[in-house]
Structure formats: C-alpha cells, structure tokens
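Predicted model, so just to flag it, every value in this text is computed and none were measured. The sequence lines fix the lettering, A, B, ..., with proteins before strands; numbering per chain opens at 1.
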Number of protein chains: 2
Amino acid sequence: MFIKNLPHKTVERLSQYRRALLMILSKEKTHVFSHEIAQMLHITPVQVRRDLMLIGYSGNLRKGYDIKELIDLIGRIIDSEKGQRVAVVGLGNLGKAIISYFKGKRSKLAIIAAFDINPEKINRVYDGVACYHINQVSEIIKQNNISIGIISVPSEQAPEIAETMVLAGVKGILNFTPKPLNVPPYVYLEEYDMITSLEKVAFFAKKNDERFK
Amino acid sequence: MFIKNLPHKTVERLSQYRRALLMILSKEKTHVFSHEIAQMLHITPVQVRRDLMLIGYSGNLRKGYDIKELIDLIGRIIDSEKGQRVAVVGLGNLGKAIISYFKGKRSKLAIIAAFDINPEKINRVYDGVACYHINQVSEIIKQNNISIGIISVPSEQAPEIAETMVLAGVKGILNFTPKPLNVPPYVYLEEYDMITSLEKVAFFAKKNDERFK
DNA sequence: TTATCAATGTGAATCAATAAACAGAAACCC
DNA sequence: GGGTTTCTGTTTATTGATTCACATTGATAA
Ligand SMILES: NC(=O)c1ccc[n+]([C@@H]2O[C@H](COP(=O)([O-])OP(=O)(O)OC[C@H]3O[C@@H](n4cnc5c(N)ncnc54)[C@H](O)[C@@H]3O)[C@@H](O)[C@H]2O)c1
Ligand SMILES: NC(=O)c1ccc[n+]([C@@H]2O[C@H](COP(=O)([O-])OP(=O)(O)OC[C@H]3O[C@@H](n4cnc5c(N)ncnc54)[C@H](O)[C@@H]3O)[C@@H](O)[C@H]2O)c1
C-alpha cells in the first residue's frame, strides 16, 4: 500500500498511534475518537484527523474510528508486506534491553540475530535471539536477508561496524552510539542519543521552573 | 545566561554540537568551521551558523569557531548554573545502560540516585549510583533536590511513578516506557520509544530501497 | 595595491508542520 | 420534523524551521 510522500512527522506519529491503539484495544472498546488519541499523545485532535486523512482513513461520525481497522491500515502503510529482519550489534546492557523490549512486539519486524565480540556471549541465546561472533556479521546478514542494523557497541567501534553492515546490504541503521556515522544515501540512518534527550528535558525543566514562578 | 525563546530544535542541536565538539577537541585542533560541524551531524552549514547566531556566538572568519569557547558557551546556555540532579527509576537492563552511559559525562547533570523494587538491587551501588527502595522516591527526591526523573520500569508502573515524582517536586521527566503519561504543565515531559525509531528506520529503508532501483 | 578567495552573518524567501475555521452528516431531543 | 449537538473531513491561515542569496570581511596572492 502506497501513499505518496507521507510527511516525516506523520510517519512517526502513525507508529505512535498504533502503539497507543494496541494498548487500549479490548473487547469493550472497539472505536476511538480523534480527541482520545490526541490526548494520549499530547497533540491536537486536528493533527490526528489530518494524519488519518493523509492515509485515507475515514471514521464513523458517531462512533469515531474502528480501532482494529486502523491498526491494520497503519500496518499496511508503515510495515513492509514481507516483513523486515533486524540485527543488533553489541549485546551489552543496551543491546539486551532492546532485544527484550522488542520481543514479539511486531510481527513484521523481527530481531533475528545479535553480534558481540565477547566469547562469553557468543553462541548463546538471549530472549530467543542467537548471538554470533562479530566477524560473522556480513555472512549472517546476507544469509538471512537482514535489512536493518542496530548499533550498540562502544562508540569507537561504531563506524567500522556500520561500514560492514552497509557492505553486507543493510538498508537502514539505528545508531545508539554518540559517534556520528556516515552512510551512503541509499541507506537510511537514524541516530539517537539519550544525553540529548536528557539535556532537552533539563533545559526546558529549568525554563519552566522560571516561568511558573 | 539567557536567550529568549530558543527554538526547540535549536536546543536539541546545541546539545549535539557540544557532543560532537567534545569528541573532536584536541591539542592540535582548536577551531572548527561551520561546514565541519554540519558534516558530522548531516545538516547544512547555514543551519549551524544560524543556530550559533541565535546564541550570539561569532566565529573567526579565517579560522572558524573556537571549539573550547563554543563548548563553554553552549554550556552556559543549556546547562543550569548550579547543576541539576537526576534520578532513574527502574534498574533493569535499560536503567543500567543509562547509568553507565551517563557516568561522568556532564558536570552539570548528574544521576545521583536509582530506585527499584527488587530487594537484590536495593542498597547496592551501580556505577557509582546508589539504589534505593521505590517507596523512598519521594523522600530522596526532596532531600537531594532532584529535579529530573528518568522512568525505566515496566510500563504498567509508569503512571504511578510519574505522579509520585511530580508530587515530590520533579520538574522534568524522561519516559522510556511506551505508556503515555500525563503531567501538569509546569513539568516538562519527553517520551522516547525505540519501536518508533525502529519503525521509522524500517519505513524509510523500505522506501529508499524502492527508490534506488 | 588590487583582485581573488573562502569563510561568516543575516534578511528575505521558501518549505514544512500545525492549528483554526467551518461545512456536512448522523444522532438525539423536544 | 426542526433544531441542537457532536463529531469528522478538508480548506485556509498561521506559525515554525530551513534554505537561499548575498553583503561583508580579512587573508592571501598577483
Ligand atoms: N545512545 C544512547 O542513548 C545510549 C545509551 C546508553 C548507551 N549508549 C551507547 O551504546 C553503546 C553500548 O552501551 P552499553 O551500555 O550496552 O555498553 P556495554 O559495554 O554494556 O556493551 C557493549 C557491548 O559491545 C560488545 N563489543 C565491544 N566491541 C565489540 C565489537 N567490535 N563488535 C561487537 N561487539 C562488541 C561488548 O562485548 C559489550 O557486550 C555504547 O557506545 C554507549 O555509549 C548509548
Ligand atoms: N522506550 C524504549 O526505547 C525502551 C527500550 C527498552 C525498554 N523499554 C521499557 O523500559 C522499561 C524497562 O526495560 P528493561 O529492559 O530495563 O526492563 P527490566 O525488566 O530489565 O527492568 C525493569 C526494572 O524495574 C524494576 N521495577 C519493577 N517494578 C518496579 C516498581 N514498581 N518500582 C521500581 N522499580 C520497579 C524491576 O525490578 C526491574 O529491575 C520497560 O517498560 C520497557 O518497556 C523501553
């Protein structure tokens, strides 16, 4: 299913809508209003309706949106039909947190391999994900048609690992390392740093504190 | 130091500039050009200059920006002069990853307490941070004037913990739980979900893949 | 000394995201 | 059965973020 040029932010919100809807889905509650979704995500109902308009979904005037249908439609838009496979490189605290968090959450997006350099971690299975030696990255990525890599190794190692993964055919990378990476334009790179999030919180907390007397 | 109404995005980038600058800081390299900063963060040099203009920093036409000075100035803007204290609630894999990652990274932003409910974790010290029983949250936050809370407990527990922290006087919350929270307007809330990041990567990776042949 | 070059700094223009405003539809109420 | 309410869907306006375009500067070289 295709919709031309969905705004970047809309894609992000669609993922959030789905997450929220999955959470409230139950026998009793089959429909939801735009203002209910909005409230959960701290945005306006107009924003929600606009996003849904962009993906061509219509709600029921009196009952709102059918939760199941909407979850389904979002899936048809943001998921890949045949599913995408993911690898995590670096099975430290963060790597483990990621794997345990993802476990079974999305049917079209599965972490199917982990890599590390520490012999104690290799050839073991964490939360259903097998851990291999780092020098098998390329081989396993190709074999399993893994298209997405998550990097959670010490930051000095990140550039080399990114390069290896790109050469092996990965199409997207999620980098949790503070080291800025460079990848070719056909690979989508997302970088996240908790320090930036925390500093943002700190900055606006400080600001709020001044504003609210 | 005050600059009125720095754009949200600029604050985020200032944190990133500082991180990148701290990384390249060395004896040999004392100055940096806007295009060098830009390249590291995958943005345009104009963006960088505009942000620096907003914080009132001027570079040297021939040498670029003085790295030390700039790091310093960013600190005076985004950090709080007297420092801010942070608590982490939930010392699982994610909580530990956060604590070990932050350790000693920012002088004005220190994680000084952790909380958990598991007796095995309580009264131990992780990476220099003491772990207390969850029912001491309120007391310890007040005692130590902790103004920022990080939530990394199982998601069902998140709302209750957020409420307790707000009542105890926290001014900002960073929520890693997928559960949407509600806080009063004088508390700044930031929510981050790795699944959204990963789904974004997956979506654009898929899209790129189609575009590039 | 004058031209050239490679940078910064910034007003104006563009582009992207959000919000406001409102028409239209179904249910409900009297 | 007409009026009222409450929601959606969409057009239009506003706000916010980014980029363009170019003036400016000072070093260097011709
Ligand atoms: N971006 C964030 O928000 C954030 C938060 C926490 C940690 N981090 C970063 O994530 C990374 C991991 O953090 P962590 O707390 O899990 O660290 P960690 O030390 O617990 O884990 C790192 C793992 O990588 C493995 N490793 C080391 N070199 C390797 C290599 N060449 N190939 C494969 N595996 C290798 C280690 O054996 C270890 O298991 C660090 O770079 C840290 O800075 C980022
Ligand atoms: N947002 C993200 O990107 C992301 C990524 C990974 C995990 N998570 C979420 O973060 C949370 C923690 O993940 P994790 O992998 O560290 O899980 P975990 O199970 O390893 O850790 C949770 C910790 O919280 C403690 N805890 C449970 N109830 C508590 C309470 N009432 N008070 C204080 N502590 C309590 C547990 O003892 C445990 O130590 C989960 O909600 C998970 O969904 C989020």
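Within the 4.0 Å cut-off from OP1 or OP2 of dT18(C), not a single side-chain nitrogen or oxygen of Thr44(A) is found. Dashed line: the shortest gap from a side-chain N or O of Ser58(A) to OP1 or OP2 of dT8(D) is not under 4.0 Å. In this model, the phosphate group of dT19(D) is approached by a side-chain N or O of Gln47(B) to a distance below 4.0 Å at OP1 or OP2. Phosphate contact (OP1/OP2 of dC7(D), side-chain N/O of Arg62(A), threshold under 4.0 Å): absent. For Arg13(B) and dT18(D), the shortest distance from a side-chain N or O to OP1 or OP2 is below 4.0 Å.
Comparing Asn60(B) and Arg50(A) by the nucleotide of DNA chain C whose heavy atom lies nearest to each, the residue mapping closer to the 5' end is Asn60(B). In terms of position on DNA chain C, the residue among Leu61(A) and Pro7(A) whose nearest nucleotide sits closer to the 5' end is Pro7(A).
Ring geometry for Tyr192(A) versus Phe176(A): interplanar angle over 60°, hence perpendicular rather than tilted (30 to 60°).
Although no hydrogens or angles enter the test, the distance criterion places a donor-acceptor pair under 3.5 Å between the side chain of Gln84(B) and the main chain of Ala202(A). Panel note: side chain Ser152(A), backbone Gly90(A); a donor-acceptor pair is recorded below 3.5 Å.
No option in Arg19(A), Arg106(A), Lys105(A), Lys108(A) other than Arg106(A) meets the salt bridge (charged side-chain N to carboxylate O under 4.0 Å, His left out) test with Glu199(B).
Lys63(A) places its NZ atom 13 Å from the C1' atom of dA27(C), with the value rounded to the nearest Å. dA17(D) atom P lies 10 Å from atom CG of Asn5(B), rounded to whole Å. Across the protein-nucleic acid pair, His35(B) atom NE2 and dA6(C) atom P stand 11 Å apart, rounded to whole Å. The distance between atom CE of Met53(A) and atom C1' of dG24(C), rounded to the nearest whole Å, is 16 Å. Following rounding to the nearest Å, Arg49(A) (CZ) and dG24(C) (P) show an atom-to-atom distance of 16 Å. dT18(D) atom P lies 12 Å from atom NE2 of His8(B), rounded to whole Å. Separating the CG atom of Asp66(B) from the C1' atom of dA7(C) is a distance of 16 Å, rounded to the nearest angstrom. Rounded to a whole Å, the CG atom of Asp51(A) is 14 Å from the P atom of dT10(D).
Of all the heavy atoms in Ala87(B) and Ile146(B), the pair that sits closest is N-CG2, 3.8 Å.
In the set dT10(C), dA7(C), dA20(C), the nucleotide with an atom closest to the side chain of Val46(B) is dT10(C).
Residue Thr10(A) is out of contact with every strand shown, counting any heavy-atom pair closer than 4.0 Å.
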